[in-house]
Number of protein chains: 2
Amino acid sequence: MVTLRDVARETGTSYATVSRALNGKSRVSPVTQKRVLEVARRLGYRPNHAGRVLQSGKTNTIGLILPCYGDPHHNEVAQTIQEEAWQRQHELMTVSFEMDPNRERTCLANMLQRKCDGVIAYLARLTPVEELIRRFWEQRLPCVVLGLPHDVHDTPVDGIGLDLVAGIEQVIEHLVGLGHRRIAMVVDRIASSGSIRDRVLLFRAGLRRAGMQDCSRNILFQPSTGDTVQDGYKSADRLLREYPDVTAVIAMDDRMAAGMIRRLYELGRKVPDDISIVGTDDMWIARTLVPSLTTIQFSPEKIGKTAIEIFFDRLDRKTWEQPKRIVLPTTLVVRESTGPAKSG
Amino acid sequence: MVTLRDVARETGTSYATVSRALNGKSRVSPVTQKRVLEVARRLGYRPNHAGRVLQSGKTNTIGLILPCYGDPHHNEVAQTIQEEAWQRQHELMTVSFEMDPNRERTCLANMLQRKCDGVIAYLARLTPVEELIRRFWEQRLPCVVLGLPHDVHDTPVDGIGLDLVAGIEQVIEHLVGLGHRRIAMVVDRIASSGSIRDRVLLFRAGLRRAGMQDCSRNILFQPSTGDTVQDGYKSADRLLREYPDVTAVIAMDDRMAAGMIRRLYELGRKVPDDISIVGTDDMWIARTLVPSLTTIQFSPEKIGKTAIEIFFDRLDRKTWEQPKRIVLPTTLVVRESTGPAKSG
DNA sequence: ACAGCAAGTGTAAACGTTTACGCATCCGTT
DNA sequence: AACGGATGCGTAAACGTTTACACTTGCTGT
């Protein structure tokens, strides 16, 4: 491994000068600088990250914590964040806890060891990691939680929520307008995102508000196999068996909807003629499926950009008085998978 | 920030003892250890990663470099790698260069600063980063390249390739057996994976071997929008216009195939009745689409596990004589998107 | 009773950087 | 001619760890 000292020896200067020449923050004579740069390149010098971090306290790295690789919506958010981070000369490093609460804790704890300057995270649930979250705040480390569930108004943490109230309201309105009266929601038992629990609650509230009874029975909990599509596939069978009179379904996300549509197709049920399906997240697949999916859209760009904004605001030590909470709007995108309720 | 010294002061010992107590590698009296652990917990001590790395030279982290978040196949591989890494007490940190050759270089260069113990990487092309790759080898840092293109037999690097020769052979055989004589391949102009170029070459060779003429015209290069599905969507229009007599298409990957199928559906063309489509990668979407996709399957588990195996083999300084190259088999999964060629 | 050994702990050095401080040197001004 | 300031660079300290080494105990075996 080539160090500053090696470069210094070869150049005939002190290693302080080499450091200065390479960083360009302090004054060095042009002649020396040129020589240093040349020697450094020739020797293949790379600054040691650990040494640099230890000294400067800055990693120039943002940690992104995801519940799983493979959620297209999260990936799109990651992409935006990556883009913004890159523009501000920061690196993005992503870790996934694969829906394992254990690993979720570990990931957060790891980040507290100063592996990065702060964190942006989708978390499954907040309460089990609240203590860790508090640490971030106390140590003045930026921590932005995405898809913030409603049950954590007291934890001191920045977050970006989604206006699910409005979103679900719109869906129900849309479906009711199409004549649907018996609507169900299909959900993974191990929810990938913290907001799933909220979705269930809000769905119930929405149904009640729309004047439908028997709301509590309208949630189909599908045991999770770890493969959301598969869960959707299986839930279609259960739906037909256990909720035979339902005419419209809201799926936890678009992957689940995709699995359901596939199974319904195999079983000879037509979407939306026999049953209407609404997805969530507006993943790329929603536009592509046949039929294309009616879905609740959250703008990944907006989420990513807002997250980065809050992050760098904190990083620049602006203020640490109050947690920032931003709620982003949702849009219902109507496509082919919803239609008039089957009469009868 | 709480350091070893803080804990030592509070415990009334030296910081060396604290370190020993916490790591448990050296002998400490049970009494002291217990007290140290308790104080450490009370103060909320977290070992500083940079300090630890600087001293020990070990990061216990594997770097995973991907061309983009959002490729489902890569994500599945990432998942397996994550799993294996976790079992061996290593963390996985993922970075994506979003198909930007510039960032690709930067990512690799960053990893050379010892941010992690080594790297597993999908690279777009090897030649532009060959110099960096060589550095890994020289510094005895594990570097496993996935989806290894065929043109880099001389670079000293470990790699896992896929038996595309056999894969494409099988596809052509399958299609020819169904009576197809005019087959095209559709490809992104900016290929996401290094092996795309190979796929094109091997496809041509395969056609030639199968006795078809005019092979050179059978590749449709679709300018990339960065959204592979969109590219597939657009390429369907071009295909019908520019290659009207083609009866079967091999798509660069399943997302592209999905886009094509969607567009063909909108244009009233039936798959596979009017045109057969073959995908690549066997992403989750392949099983879910209507019609489900005939596709070339690479086992993500196998790729991930093999990569990890090679990685840790290197890490334990076994041998550094020769690059390891492993070629994994491919399987053709026949589903609904291919059928008999339309006669006439 | 004393050598020898093991267990437990403290001291100090190292890992590779950045940067405050201080010392030369050089130039321009009086 | 002498002085002041700017410029360039070397010295040293610091960041938080781990660990080799040495030192004190207390114990065993002769």
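Letters A, B, ... mirror the listed sequences (proteins, then strands); counts begin at 1.
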Peer 1: When you compare the side chain of B/Val77 with that of B/His73, does any pair of heavy atoms fall below 4.5 Å?
Peer 2: yes
Peer 1: Measure from CG on A/Asn23 to C1' on C/dT19 and round the result to the nearest Å.
Peer 2: 10 Å
Peer 1: Quick check: do B/Val36 and B/Val28 have side-chain heavy atoms less than 4.5 Å from each other?
Peer 2: no
Peer 1: Considering the options A/Phe97, A/Tyr69, A/Tyr122, which one meets the ring pair (Phe, Tyr, Trp, His ring centres under 6.0 Å) requirement together with A/His74?
Peer 2: A/Tyr122
Peer 1: List the protein contact pattern of nucleotides 20-27 of chain C with one symbol per nucleotide (5' to 3'): B for base contact, S for sugar-phosphate-only contact, - for none; contact means a heavy-atom distance under 4.0 Å.
Peer 2: B-------
Peer 1: Check A/Lys34 with A/Glu38, please: is the shortest side-chain N to carboxylate O separation under 4.0 Å?
Peer 2: no
Peer 1: With a non-hydrogen cut-off below 4.0 angstrom, is B/Arg27 in contact with a base, only sugar-phosphate, or nothing?
Peer 2: base
Peer 1: Nearest whole Å is fine: how far is C/dT19 P from A/Leu4 CG?
Peer 2: 12 Å
Peer 1: Extract, from 5' to 3' on DNA chain D, the first and final nucleotides lying under 4.0 angstrom from some heavy atom of chain A.
Peer 2: D/dG8 to D/dG16
Peer 1: Answer yes when A/Arg103 and B/Glu91 have at least one side-chain N-carboxylate O distance shorter than 4.0 Å, and no when they do not.
Peer 2: no
Peer 1: When you check the phosphate oxygens OP1 and OP2 of C/dT9, does a side-chain N or O of B/Ser29 lie under 4.0 Å from one of them?
Peer 2: yes
Peer 1: Measure across B/Val119 and B/Phe311 and return the closest heavy-atom pair with its distance rounded to 0.1 Å.
Peer 2: N-CE1, 3.4 Å
Peer 1: Quick one, which residues of residues 44-51 of chain A touch DNA chain C with a heavy atom under 4.0 Å?
Peer 2: A/Tyr45, A/Arg46, A/Pro47, A/Asn48, A/Gly51
Peer 1: Between B/Leu54 and B/Thr13, which is nearer to the 5' end of DNA chain C once each is assigned its nearest nucleotide?
Peer 2: B/Thr13
Peer 1: Describe the nucleic acid contact of A/Ser26 in one word from base, sugar-phosphate, nothing, applying a heavy-atom distance below 4.0 Å.
Peer 2: nothing
Peer 1: Between A/Pro67 and A/Ser96, what is the shortest heavy-atom contact and its length?
Peer 2: O-OG, 3.8 Å
Peer 1: Is B/Thr13 close to B/Val18 at the side-chain level, that is, under 4.5 Å between some pair of heavy atoms?
Peer 2: yes
Peer 1: Taking B/Arg135 first and then B/Glu131, would you say they form a salt bridge - that is, a charged N and a carboxylate O separated by under 4.0 Å?
Peer 2: yes
Peer 1: Measure the shortest side-chain to side-chain distance between A/Leu4 and A/Asn48 over non-hydrogen atoms and say whether it is less than 4.5 angstrom.
Peer 2: no
Peer 1: Between B/Arg140 (side chain only) and B/Trp137 (backbone N and O only), is there a donor and an acceptor less than 3.5 Å apart?
Peer 2: yes
